[in-house]
Amino acid sequence: MQKVILELICLLYILLFVYAAVSKLLDFENFQVKLGQSPLLSAFAGIFAIAVPTIELTIVILFCIPRYRITALFGSFCLMVMFTTYIFLILNYSSYVPCSCGGILEKMNWSEHLIFNLVFVILALVAILLSGFEPANWFTKMKPPKNTLTLISAATGSFLLILGLHIISENRVHQRNSFVRRFDQHAKPEDKKMNLKVNSYYFAGKANGQIYLSNSTAPLVMTTVDTSLTKLIVNHISLDIMGFGYQSIQVRVLAPYFFVFDGTVPCIFRGKTADWKAVLLKGKVNRFTLAEPLDATTLAVRITSPASASNILGIYTLTDSLKLQVNQELLKKQKDGIFDTDGMLLITHKEKLNYVYYYRNEYLTINKLLQLKKTGRTIDTVTQANIKVANIDNETTMAAPSVVINKFSATYKNLLFINSERIGKYEDRNMLKHASMIDIYDLNSGNYISSMYLYKVDNQTISSFMVYGNHLFTLTGNSLTMLKLDKNITEHYTN
């Protein structure tokens, strides 16, 4: 009877490992993608995707050779302890992970999978103990205290191996990431949607439970929407001077103030949201290409310098007499100085300036004195702008489409949200047909936190987005949409 039980257990393990290994290999790409999304071992997904089915098939071969059966049983015992440890950590210390098994095993929930694995751990232990009734092998030759310690050491070592790999993987993903995304939040459609009738809106600001939308085709019309997307108010901005021949008016709201500016004229107006009347600020204003208010009296700008043929960051002090301070060393030239330093200007809650490059995996954090406080890297691996420029009629222009690393971005409190259309390691390329990807970073530590999918709205991709409180708002076609952020993201907010 003991021999029959031993044979049955060995046969069960052979069936289990052959089935599991073949399922993984037949759908290898999907298996690797799912491992890449594991919150425990994603940094080692490439290694584990090959190692796990290889080890399973190796153990099967050892089972078929009688003299190595005890070795196969020990290998099975250790492997099942590792799998059980992995699932235990998932159930207790992770928010979400897709199942990385194949076939029937994928239909189990994680609790059922844990019980399944524990049963096989016990079966392996029983088979090892029953092997003492077979001809002498390296395990049965040990004296009782020694073989007991061997079993305990094997179980402990297997547990510690997975735990150690988890700790190393977390460090690599969050601090030394090489383009491995972690999707802690499932892709899901919008919670609420409002039809804005036209597709020319952009986000102008947020404050006191209100979202401010300006319109590029009607630049002096300000639309205010509450954060529940139930109430819409339209106000008309009046300027004290209207004869400048404006070409590119932009509006920003930093309640209770709002700013109207046109870098091509150039001019800067300021007013209060109480009456939406803006007054031209006196003084010399250089042409600028980007502008964002840091506070009521400070405006951050990006200026293109013809002399140095480069982009320069500066700050206007908006007092009785406008004063400009610049720092020509902040934006580092790689090729031409204009296109290779192109990017997005963002303001954080601590009145710090952030600059996110379009064509490289880098962003800057700068204080009000234009001092560089921190240089951060995204999880993308492109450090040099991949652009081609040409000089046509003494004018520098793009010679070919370039690779955009960071497409859109937004900040809220200490978090930086970046929309990237680049596929990372172990990701399903088909997702880009249905959703956009948002990568999230902590500006304080510089660490990568996680990523999330945003489904297309009416089969259209987002044109811009904004984060306010626990919600992410997007402009997509004619629609303003709202999506609730998962607590695994909002718990990283700091004041």
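Model, not experiment: these values are computed from the prediction.
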When you measure from the side chain of [X] to the backbone N and O of [Y], does any donor-acceptor pair fall under 3.5 Å?
{"X": "Gln210", "Y": "Ala207", "value": "no"}
{"X": "Asp380", "Y": "Asn361", "value": "no"}
{"X": "Ser463", "Y": "Leu475", "value": "yes"}
{"X": "Lys24", "Y": "Val52", "value": "no"}
{"X": "Lys335", "Y": "Ala385", "value": "yes"}
{"X": "Asp486", "Y": "Ile489", "value": "no"}
{"X": "Asn199", "Y": "Asn478", "value": "no"}
{"X": "Asp226", "Y": "Thr230", "value": "yes"}

So does [X] pair up with [Y], basic N to acidic O under 4.0 Å?
{"X": "Asp240", "Y": "Lys277", "value": "no"}
{"X": "Arg360", "Y": "Asp342", "value": "no"}
{"X": "Lys484", "Y": "Asp191", "value": "no"}
{"X": "Asp340", "Y": "Lys332", "value": "no"}

Centroid-centroid distance, Tyr453 to Tyr455, less than 6.0 Å: no

Phe244 ring center near Tyr246 ring center (under 6.0 Å):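 Centroid distance Phe244-Tyr246: below 6.0 Å, so yes.
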
Verdict with reasoning, Tyr359 to Tyr357, per ring-ring contact (aromatic ring centres under 6.0 Å, His included): CA-CA 6 Å; Tyr359 305 113; Tyr357 290 104; 9.5 Å; no

Do other residues, nucleotides or ligands put more than 12 heavy atoms under 6.0 Å from the [atom1] atom of [X]?
{"X": "Gln325", "atom1": "CD", "value": "yes"}
{"X": "Tyr257", "atom1": "OH", "value": "no"}
{"X": "Asn208", "atom1": "CG", "value": "no"}
{"X": "Glu491", "atom1": "CD", "value": "yes"}

Worked check of side-chain contact (heavy atoms from CB on, under 4.5 Å) between Val180 and Ile379: CA-CA 7 Å; Val180 178; Ile379 58 175; over 6 Å; no

Residue pair Ile87, Asn117: steps toward the side-chain contact (heavy atoms from CB on, under 4.5 Å) verdict: CA-CA 9 Å; Ile87 294 174; Asn117 282 13; 3.3 Å; yes

Determine the minimum heavy-atom distance between [X] and [Y], stating which atoms define it.
{"X": "Ala296", "Y": "Leu254", "result": "N-CD2, 4.4 Å"}
{"X": "Pro53", "Y": "Phe31", "result": "CD-CE2, 4.3 Å"}
{"X": "Ile312", "Y": "Leu331", "result": "N-CD1, 4.4 Å"}
{"X": "Leu443", "Y": "Lys374", "result": "O-NZ, 3.4 Å"}

Residue from Thr461, Val457, Leu454 passing side chain to side chain contact (heavy atoms under 4.5 Å, CB included) with Thr476: Val457

Member of Ser451, Ser450, Ser445 meeting the side-chain hydrogen bond (donor to acceptor under 3.5 Å, both in side chains) criterion with Tyr448: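 Exactly one pass, corresponding to Ser451.
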
Asn419 vs Asn406, side-chain hydrogen bond (donor to acceptor under 3.5 Å, both in side chains): CA-CA, chis, key distance, verdict: CA-CA 6 Å; Asn419 170 225; Asn406 305 310; over 6 Å; no

Passing candidate, ring pair (Phe, Tyr, Trp, His ring centres under 6.0 Å) with Tyr412, options Phe417, Phe473, Tyr493, Tyr441: Tyr493

Test log, rule side-chain contact (heavy atoms from CB on, under 4.5 Å), inputs Met194 and Leu196: CA-CA 6 Å; Met194 175 182 282; Leu196 299 173; 4.1 Å; yes

Check against side-chain contact (heavy atoms from CB on, under 4.5 Å), Thr375 and Glu362: CA-CA 7 Å; Thr375 299; Glu362 188 176 317; 3.7 Å; yes

Verdict with reasoning, Asp458 to Lys193, per salt bridge (charged side-chain N to carboxylate O under 4.0 Å, His left out): CA-CA 11 Å; Asp458 300 325; Lys193 181 170 70 171; 3.3 Å; yes

